[in-house]
2 protein chains.
Amino acid sequence: MTQFGTYVNTARRRLQEHDRRYSLRQVARRIGVEPGYLSKIERGQVAPPSEAATVRLAKELDQDADVLLALGGKVSSDLQDVIRKRPRLFAQLIRELKQAPDHAILRIVREVRDGDW
Amino acid sequence: MTQFGTYVNTARRRLQEHDRRYSLRQVARRIGVEPGYLSKIERGQVAPPSEAATVRLAKELDQDADVLLALGGKVSSDLQDVIRKRPRLFAQLIRELKQAPDHAILRIVREVRDGDW
DNA sequence: CGTCATGTTTCCTAAACACTACACATTCCC
DNA sequence: GGGAATGTGTAGTGTTTAGGAAACATGACG
């Protein structure tokens, strides 16, 4: 349930070992939340923070924002925007890809990036 | 701003012309909300309803749920679930497809459906 | 030893979300 | 013309979200 907190705590402590600027308090200050709040987040005492705070936290801890958002039960709003602009199309695509293996999706990504349409 | 309300009102009134079971009150009753609430929704006096209510409304009015959700500023939670399970992969894919033309996405949908991986 | 920084605990809250309750005026229609 | 049904207006409610404030206990260390 609190994958999020553990993940953040682990990532932060890993950085803290080599650099004491990664104390809970200092990280909290840099991402703009109260230490008490970050403490509760790390121990899963409260729900994961807002999208904005999650993204700042991910950057601070050098983690992938989409992954951290996912752990927080969220999907980046810029992705949602893309879907909301063409809902039928993207809904169909995503549902189709639900069971596709990773490599198939990666292949598509590459195809699209190499612009072969 | 209130695309949603207009869309619902239009769809409902179109049905109501031929079938008086599609009065605001009866539709409200069938989808399980108060008439006053649906009235305000249709006139954009309140924000679009929850995901669940939106889906019931779409079904009732024979509309595409993903489209109606999009008008309400939402993305179906089952799509979000798919993304949240493989955030990196889907984030990459969707951002890549952001600017792709419709036909290119449709082609991918077809390719995937015809299971050629 | 003192003080500085660290992590934690308790209590509180402002705003947003998702509605309900119910009275009211109007229109349908038999 | 009178009851039933329709749409609307006003007010208020419970819940969730996303935190802040401040005090507390613990340890580091110069």
Side-chain angles (χ1 to χ4, degrees), chain A residues 1-2 4-58 60-61 65 68-69 71-77 80, chain B residues 1-2 4-58 60-61 65 68-69 71-77 80:
Chain A
M1 287 302 126
T2 174
F4 188 92
T6 320
Y7 187 91
V8 169
N9 182 264
T10 305
R12 184 180 61 75
R13 291 234 318 278
R14 195 142 45 212
L15 291 169
Q16 193 182 17
E17 273 178 36
H18 305 292
D19 187 340
R20 61 196 169 309
R21 288 174 319 181
Y22 286 91
S23 74
L24 185 149
R25 266 170 189 271
Q26 293 196 39
V27 168
R29 200 171 43 72
R30 284 197 297 273
I31 68 168
V33 302
E34 292 295 310
Y37 184 44
L38 182 53
S39 170
K40 282 178 283 186
I41 287 170
E42 287 195 355
R43 284 166 308 110
Q45 273 207 13
V46 297
S50 67
E51 178 179 345
T54 301
V55 170
R56 293 196 304 271
L57 189 49
E60 180 63 33
L61 302 181
L68 200 58
L69 283 169
L71 289 174
K74 301 193 162 89
V75 170
S76 175
S77 58
Q80 300 202 36
Chain B
M1 285 302 126
T2 170
F4 189 91
T6 319
Y7 188 91
V8 168
N9 181 264
T10 305
R12 185 181 61 74
R13 290 236 317 278
R14 194 143 45 213
L15 291 168
Q16 193 182 18
E17 273 178 36
H18 305 293
D19 188 340
R20 63 194 166 306
R21 288 175 317 183
Y22 286 91
S23 74
L24 184 150
R25 266 172 191 273
Q26 292 196 40
V27 168
R29 199 171 44 70
R30 285 198 296 274
I31 69 168
V33 303
E34 292 295 310
Y37 185 43
L38 181 53
S39 171
K40 281 176 285 186
I41 288 171
E42 287 195 355
R43 286 167 306 114
Q45 275 207 12
V46 297
S50 67
E51 177 178 347
T54 301
V55 170
R56 294 198 303 273
L57 189 50
E60 180 62 33
L61 301 181
L68 201 56
L69 283 169
L71 289 175
K74 301 192 162 90
V75 170
S76 175
S77 60
Q80 300 201 37

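Every chain is numbered from 1 and lettered A, B, ... according to where its sequence line falls, protein lines coming before strand lines. The basis for the numbers below is simple: all heavy atoms, side chains too, and nothing from hydrogens, waters or symmetry mates.
- Axis angle across the helix from dC1(C)-dG30(D) to dC30(C)-dG1(D), with five pairs used at each end and values rounded to 10°: 0°.
- Under 4.0 angstrom from either OP1 or OP2 of dG7(D) there lies at least one side-chain N or O belonging to R12(B).
- Atom pair Y37(B):OH and dG9(D):P shows a separation of 16 Å (rounding to whole Å applied).
- Looking at which nucleotide of DNA chain C each of L24(A) and G32(B) is closest to, the 5′-most match is held by L24(A).
- Minimum interatomic distance between R56(B) and I31(B) (heavy atoms only, all atoms of both residues): NE-O, 2.6 Å.
- For P35(B) against L24(B), the heavy-atom pair with the smallest separation is O-CD2, 3.3 Å.
- Nearest heavy atom pair, residue P49(A) against residue F4(A), reads CD-CE2, 3.5 Å.
- Listed here is the closest heavy atom pair of T2(B) and G44(B): OG1-CA, 3.2 Å.
- Salt bridge E60(A)/R30(A): present, at least one basic N to carboxylate O contact under 4.0 Å.
- In this entry the distance linking NZ of K40(B) with P of dA11(D) reads 11 Å, nearest Å.
- Residues from residues 42-57 of chain B lying near DNA chain D, meaning a heavy-atom separation below 4.0 Å, are R43(B), Q45(B) in numerical order.
- Contact between the side-chain N/O atoms of Q26(B) and the OP1/OP2 oxygens of dT6(D) is found at a separation under 4.0 Å.
- The CD1-P distance, from I41(A) to dT9(C), rounds to 15 Å in whole Å.
- Looking at heavy atoms from C-beta onward, T54(B) lies out of side-chain contact with L71(B) at the 4.5 angstrom threshold.
- Crowding of R13(B) atom CZ: a count of heavy atoms from other residues, nucleotides or ligands under 6.0 Å not exceeding 12.
- The backbone N or O of L61(A) lies less than 3.5 Å from no partner atom in the side chain of R12(A), so there is not a single donor-acceptor pair.
- When the P atom of dA4(D) is taken as reference, atom CZ of R20(B) falls 17 Å away, rounded to whole Å.
- In this model, no donor atom of one side chain and acceptor atom of the other lie less than 3.5 Å apart for R14(A) and T10(A).
- Here Q16(A) reaches the OP1 or OP2 of dG7(C): one of its side-chain N or O atoms lies under 4.0 Å away.
- The heavy-atom pair separating R43(B) from S39(B) by the smallest distance is NH2-OG, 2.9 Å.
- Between E34(A) atom CD and dA22(D) atom P there is a gap of 9 Å when expressed in whole angstrom units.
- For K74(A), a side-chain nitrogen or oxygen approaches OP1 or OP2 of dA18(D) to under 4.0 Å.
- Among the atoms of the strands shown, none is found under 4.0 Å from any heavy atom of R29(B).
- Considering only side-chain atoms of S23(A), the nucleotide from dC19(C), dT9(C), dT6(C) that sits closest is dT6(C).
- Comparing dT9(C), dT20(C), dA18(D) against the side chain of V33(B) picks out dT20(C) as the nearest.
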Identify each atom pair where a protein N or O and an N or O of nucleotides 24-30 of chain D are less than 3.5 Å apart, giving names and distance.
none

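- Closest non-hydrogen pair, V75(B) versus E51(B), comes out as O-OE1, 4.4 Å.
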